[in-house]
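First the proteins, then the strands, lettered A, B, ... as listed; each starts at 1. Owing to the predicted nature of the structure, the values given are computational and were not obtained by experimental measurement.
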Amino acid sequence: MKPPALIPLDDAQARHAAESIGRLRRALQGVLFGQNDLIDLVIVGVLARGHVLLEGLPGLGKTELVKGLARALDLKHKRVQFTPDLLPGDITGNPVLEEVDGRRAFTFQPGPVFANILLADEINRASPKTQSALLEAMQERCVTVMGQTHALPNPFLVLATQNPIELEGTYPLPEAQLDRFLFKVDVPAASIETLERIVLEREIGVPPEVPCVIDAHALTALQDAVRRVYMPPPVANFIARLVAATAPTNPLAAGVRYGASPRAALALSAAARARGLCQGRINASYEDVRDVALPVLRHRLVLDYGARLEGLTPDGIVARLLDAVPAHDKPLPTSLKAAKV
Amino acid sequence: MPIDTNLARDPAGAAHWERRARLLAAEINAGWWLSSWLPTALVIGIAGTFALLWARWQAMELVPFAWGAIGVALVLAGVAAWFQSRPRFESVASARVLLEERLGLHARLSSAAAGVGDWPGRRIDLDGRWPVRVRATRPVMLLALVGAMLAAAMAIPVADAGAFRRRSIEAPADAEIVSKWIDELRREEAIDERSAGEVNERIEEILERPRDAWYEHATLEAAGTLREQTAAELATLARNLAAAEQAAASLAESPASSERQRDSQALATAARQLALGGMRPAGDAGEKLGKEAAEAIADLSPEQLRELAAALRANRSKLKAALAKAANFDLEALGPESDCEGCKPCGTCKECREGKPCKKGACAACSRAGRGGINRGPGEAPMKAGAEEDLGATRRELVTAPTDIERSAAGELLDVVDAEHAVDESAYTGAQAGGTIAPTADGGGPSRVDNLLPREQDAVRRFFK
C-alpha cells in the first residue's frame, strides 16, 4: 500500500522551525565556544535522526556538548566510557534475578543505552562484540535481551567519540559499522580566541548553565518537519551523481577501494533536508548537499593502500568530487561558458 | 515518503521564471546547434568556394546557381545539425537548475515548478548574473573564414574556360585539310575508295602519335608532306584525266593513221599513269580505263572513245568540284577549265554532223588556237613563265611523271622519255691550244632530263613568276 503523501512545509512553518533550531544553536554555542560548525552538524544530525561520530583529541568539549545538548532539549542522557573489558550487557542491560511475589524471576535491567542521548566515549576501545551490540541498537532503535525486545526511547541519538591518538589496544570500527553513523565530524582544536574565552568564562568542575529551549515533543515535531522538507528531483539527481562518483570505477575517485553505499545517499538526503530546515527553507538545495557531503561521506570511503601511501585522504577525495560534480549535469557547448556567479 | 506537490502558487512568478528558463535553454540549444552546424558550414564554404571558382571559370551564368546551391546546402546542413544536436538539447527543467544554482536560489525554482513553495521574487537582478556567457570568438572566426573564402572566390580573377578550350591541342592543320579533301572527294566519288583509304591511313598514322607530339616538328613536317603529296597526286590525277580525255577525244576525231597512232599512244600512256598514280579515278572513267587494256584502246570505236572522253571529263569535273568545296586547295594546279557548258557539241552544225569537234558551241578559251596540248593548246597562260615542259632552257626538257617507287615491281618500265642529245655547239669548250685543261661536264641531253618534284616545280614556277 502506497504511504500517504506528506504535506510539504510552508514558509511560515519552516521559519518557525528555524527559529526553534536557532534557539537550540545559541544555547549550545554558550556551552561550546568557537565550534559553531560542529554545533550545526550535531543539530543537523539530531534533526535527521542520525548518529554522530566525533573524532578529536581529549578535552575539546565533546562531553560537554552532549551534556549541553541533553539539557537544552530536556532529554535523558547517559555517558559510557568504552573499555576493552566492557561487555554488551553493560551497554544494553542485563537480566537480573529478582524475587517478585515470592517467586524468583529474571527482570530486565536497562543499560545506559536506554537514554535519549548516549555519549559513547572512545568507542574504539571496546571489543568488537560490544561495539556491534551498540551499533545494532543504533540501527534498530531497540534491544533484544533473552528473546525479549525492548524499544529504545524516542528520540534516540548516539554521539560516539574516538581518539585519533593512542591507537594501541584499540579496535577500529569496521566500515560496515561506520556506515551506521550519519556523520563523522572532526572536532577541531580551539583557537586562541576561543581558549581565552574559555579561560575567562569557565571553571573546572563547574558545568555551564544551559537553559531548556526545546522539549522532547518539540524535537520530535522538528524531526517530523525535516521529513516534510521537499527534495527537488534535480537535488536528488545531484545526490545520486555525487554518491555514484565515489565508485572506484570512476576516474574522479581514483584511490578509493570501496565507495559510498545507497545508505550514504539516504544520509545525504536526510542531512540536506535537515540543513535546509535549519536555514528556514521548505526544500533541500544543492548548497545543503555540498555542506553535509564531507561529514556524510568521509567515513564511508575506504581508500586503497596506494592512495594512503600517497597521502590521499577521504576528505581530499570528497572535496575533489564536489568540485567535479556539478549540480547541472549537462555540459555546455563550446560557444558558451558557464559564468561564475 | 513522497510529498504532495499539487499546490498552485503564484502564476505570474511562474511565467516570469519559466520565460527565463526557456530563454536560457534556447540560448544553450542554439550553442549546441551552432557547434554542430559550424564544421559543416566550413566544409560547405570550402566546397562552395571551389564551386564558385568553377562556375566563374565555366560561365558567369552558372554563378547564381552556385550561390543557390551553397545556400541550399547551408540550410540543409542547418536542419541536419538540428537533428544531430537535438539529443544534447537543454530542457527547460535543466535550464531551471542552471538558473537557480547560478543565482543562488537554493533549488527554489525546481521546487516551485513542482508545486512546492512560491516562486522567487521577480525583482532579482539578473544583470551580470546570467548563468552562461557567449564565447563568440570561434563561431565568428569560422563564419568570417567561410565568408572570406566565398568572397575571395568571387574576387579572384578566373580565366575563361572557353579560352582554355581554344588553347586545347588540335590535330595538325594539314592533316585536317587533307582529311577534308578526302571527304569531299569521296562524297563526289571523284577518286576510288582504295586511294582514299590509303590517304586516310596515313592521316591516322599521324594522329596516332601522342597529342603532345602533334605540334612537334616531325609531326608537322609529316602532315605538311602528306598535304603536299596528296595535292600533287590530285593534280597529277587531274592532268592525267585531262590528258586521257584529250587523247580519247582526239583519237575519236582523227581519221589519219599517223595522228591516230600518236593519239593512241598518248591515251595508252595516260591510262597507264592513271593506273599507277597515287590517286585513281572512280566511277565510269576508272572502270572504262580499267577494262580496256592499253593495247586495245586503239581498237575502240569512235563512239566508245567519245564515251570514254565524256567519262573522263565528268570525273575531272567531279574532282574539281570536290576540291573547290574543300578549302585550301589550289585549283590552278588542276589545269585549265575544259568542261564548260559552251564547249558541249551543239549537234546542228556541220562539224557536229560529221562527228568533228563543235566549233559553234566552243567557248572563247576553247576556240583559241593550240587548245588540247602542248602542241595545239592556246599557248602560255597569262602571267606564266611558260609550260613546265619548256622552262626556257636551250635544251628540250621533259618532266617525268611522278612515280611511286615503292609500288614498282623490279624491272618494271616506269617511264619512257622521248629525248635526244642536243649538243651545244656554241658552248665554250676550253682553250683549244695545248697545255690547257680539258673541260669537264660537257655532257649530252639525257643527263639533263629533269626529275623535278612537284614542290620543286612550284619553286621553279614561282622563280619565273
| query | Do you know which of B:R108, B:E90, B:R96 has the most heavy-atom pairs with chain A at a distance under 4.5 angstrom? | reply | B:E90
| message | Under the criterion salt bridge (charged side-chain N to carboxylate O under 4.0 Å, His left out), I'd like the reasoning laid out for A:R49 against A:D224: C-alpha separation, chi angles, the key distance, then a yes or no. | response | CA-CA 10 Å; A:R49 300 172 195 263; A:D224 289 339; 2.8 Å; yes
| field | Side chain, backbone, both or neither of A:A284 within contact of chain B (heavy atoms, under 4.5 Å) | value | backbone
| Contact origin within B:E100 toward chain A - heavy atom pairs under 4.5 Å | side chain
| request: Pick one of side chain, backbone, both or neither for A:P233, based on which atoms fall under 4.5 Å of a heavy atom in chain B. | output: neither
| query | Stepwise, does the side-chain contact (heavy atoms from CB on, under 4.5 Å) test hold for B:F83 with B:W33? | reply | CA-CA 9 Å; B:F83 278 107; B:W33 175 83; over 6 Å; no
| message | Go through it in stages, so that I can follow the logic: the residues are A:V185 and A:L53, the test is side-chain contact (heavy atoms from CB on, under 4.5 Å), and I'd like the CA-CA distance, side-chain angles, deciding distance and then a yes or no. | response | CA-CA 6 Å; A:V185 183; A:L53 176 62; over 6 Å; no
| query | Of the listed residues (A:T334, A:D329, A:N237), which shares the most heavy-atom pairs with chain B below a 4.5 Å separation? | reply | A:T334
| Check: B:S35 side chain, B:W32 main-chain N or O, donor-acceptor pair, under 3.5 Å | yes
| A:F238 vs A:H328, ring-ring contact (aromatic ring centres under 6.0 Å, His included): CA-CA, chis, key distance, verdict | CA-CA 8 Å; A:F238 178 51; A:H328 180 256; over 10 Å; no
